[in-house]
2 protein chains.
Amino acid sequence: MAPADTPLAGKQRIMDVAAGLFIERGVDGASLRQIADLVGMKAGSLYYHFGSKNELLSAVFERGIEVMMTAFSEANAASSTLPGRDRVAAHVRAHLAALFENGPYTAAHVTAFRTAPAEVRHTIVPVRDGYEAMWADLLRELSHSGAIAESTPLGLHRLLLFGSMNASVEWFDPGRGNLDDLAIAITNQFWDGLAQEAPA
Amino acid sequence: MAPADTPLAGKQRIMDVAAGLFIERGVDGASLRQIADLVGMKAGSLYYHFGSKNELLSAVFERGIEVMMTAFSEANAASSTLPGRDRVAAHVRAHLAALFENGPYTAAHVTAFRTAPAEVRHTIVPVRDGYEAMWADLLRELSHSGAIAESTPLGLHRLLLFGSMNASVEWFDPGRGNLDDLAIAITNQFWDGLAQEAPA
DNA sequence: GTCTATACCACGATAGAC
DNA sequence: GTCTATCGTGGTATAGAC
């Protein structure tokens, strides 16, 4: 626990502000001067905490993935005995929590990763692969249990699901909408689709 | 038709190169010097064709939306008498064509719009709203015809579908994968979901 | 741990020759 | 229609005082 007079100290506070700005303005649009300004210090002072802008960027991305993985693991533990549909719902909700409720890190990773310098991307890829593997395992289990057809291309549909979930950072406002409802809608879409069962 | 000795002349060629670079490096990461370099001219010369970087950016975005709308209209004309599922498939395929087969404009719009200057975004929003309205109309028809349940929140599921389709620019390689297959997978996901009908 | 000061460079943009 | 040359600004990063 941090001391009471430093609610968000040092690296933590810088990363928090930086992540928010990476989301809003992109990697190159977010300047160190602006980040420092929002933190309440001068640009040069950032270099006491991070060796370069790329180092700060990498730290934000890694934290973002860490947040997703933690959320996934907790959902996994809580839902392992539930039916397939509820397991998916739990993990969708956890992913949304990482995007909207656990700081700006995951959202920064999802929106800014693509345009980051190749050097940064290459250090992050192995970490992000770890998260994808968690989902791959989950879907494989659902397939083996018969909840999903054996013939379904799981990797492809995992990417489609990620697309639906991650794109929500562009339009969902957690102050106006309800994340539980969104998780249910995404799960409905993923599990059952939109087609009417039997035309009345 | 352009004269034979100017395969991609003036504005057209600049926009083509710029769009590609906006995708790769983002709005602020793509510099006018680099764009000019790839076109084969000097940075100052760009200003004969566009009044500012923002003007070039806006032109790319508008073209990207135009491409999507044209693709949608063609798919609409070709599929209007088909069953609901096939109509969706036709429009999904058209959207993917806009993203991957009709130049880099639509992909640039989809990836770079969010971090563009507010001034640019505001001029583009009304145009993009036109495209969303086309999809809203389509889904409303499907709902009225009974193919989709009346209770389905169409706006929400449209956004989820857009998320799945647009995110493919981050992972789909048209040189390796097949766009028809991708369109079918996305349609399957959207229409039927992944759940097994009856456990065997 | 943060400051001031500054180096060096790339950015968008403009002016005028050709 | 493209060039060269250049202006002013703001970028990342460093050095050394405090």
Side-chain angles (χ1 to χ4, degrees), chain A residues 2-61 108 112 115-121 123, chain B residues 2-61 108 112 115-121 123:
Chain A
D5 57 342
T6 53
L8 273 175
K11 289 168 112 89
Q12 172 95 334
R13 166 127 181 82
I14 294 167
M15 286 172 63
D16 221 59
V17 166
L21 221 48
F22 288 144
I23 296 172
E24 259 181 55
R25 313 266 297 102
V27 172
D28 291 275
S31 74
L32 294 181
R33 287 206 229 266
Q34 200 178 353
I35 292 168
D37 209 61
L38 289 174
V39 170
M41 55 171 62
K42 299 299 175 183
S45 308
L46 294 173
Y47 286 84
Y48 174 80
H49 303 277
F50 297 93
S52 68
K53 184 177 180 178
N54 280 353
E55 229 176 70
L56 169 56
L57 188 59
S58 300
V60 166
F61 288 164
T115 57
E119 163 198 357
V120 171
R121 291 202 316 273
T123 66
Chain B
D5 58 341
T6 53
L8 272 175
K11 289 169 112 90
Q12 171 95 332
R13 165 125 182 83
I14 294 167
M15 286 172 64
D16 220 58
V17 166
L21 220 48
F22 288 143
I23 297 171
E24 259 181 55
R25 314 266 297 101
V27 172
D28 292 275
S31 73
L32 293 182
R33 282 175 161 84
Q34 199 179 352
I35 292 169
D37 210 59
L38 289 174
V39 170
M41 55 170 63
K42 300 298 176 183
S45 307
L46 294 174
Y47 285 84
Y48 174 81
H49 302 278
F50 297 93
S52 67
K53 184 177 181 179
N54 280 355
E55 229 176 70
L56 169 56
L57 187 59
S58 299
V60 166
F61 288 163
T115 57
E119 163 198 356
V120 171
R121 291 201 317 272
T123 66

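Heavy atoms only: backbone and side chains are in, while hydrogens, waters and symmetry mates are out. Proteins get letters first, then strands, A, B, ... in listed order; numbering begins at 1 in each.
Contact between A:Ala108 and A:Phe61 at its shortest, heavy atoms only, is O-CE2, 3.6 Å. A pairwise comparison of heavy atoms in B:Met15 and B:Phe50 identifies CG-CZ, 3.6 Å as the closest pair.
Rounding to the nearest 0.5 Å places CD of B:Glu119 at 10.0 Å from CG of B:Leu57. One distance of note links OG1 of B:Thr115 with CZ of B:Phe22; it measures 10.0 Å at 0.5 Å rounding.
Rounding to whole angstrom units, CG of residue B:Leu46 and P of D:dT4 are separated by 14 Å. Separating the CG atom of A:Asp37 from the C1' atom of D:dG10 is a distance of 13 Å, rounded to the nearest angstrom.
Counting heavy atoms from C-beta on, the side chains of B:Val120 and B:Val27 never come closer than 4.5 Å.
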>> side chain to side chain contact (heavy atoms under 4.5 Å, CB included) for A:Ser58 and A:Glu55? Distances and angles first, verdict last.
In response: CA-CA 5 Å; A:Ser58 300; A:Glu55 229 176 70; 5.8 Å; no
>> If you apply the rule side chain to side chain contact (heavy atoms under 4.5 Å, CB included), what do you find for B:Tyr47 with B:Leu32, and how did you get there?
In response: CA-CA 10 Å; B:Tyr47 285 84; B:Leu32 293 182; 3.2 Å; yes
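Here side chain to side chain donor-acceptor pair (under 3.5 Å) pairs that include residues 13-42 of chain A, with residues two or more places apart or in two chains, are A:Asp16-A:Tyr105.
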> What is the per-nucleotide protein-contact pattern of nucleotides 3-18 of chain C, from the 5' end, where B denotes a base atom under 4.0 Å from a protein heavy atom, S denotes such proximity for sugar-phosphate atoms only, and - denotes neither?
Replying inline: BB------BBBB----
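Of all the residues in residues 15-23 of chain B, not one reaches under 4.0 Å from DNA chain C with any non-hydrogen atom.
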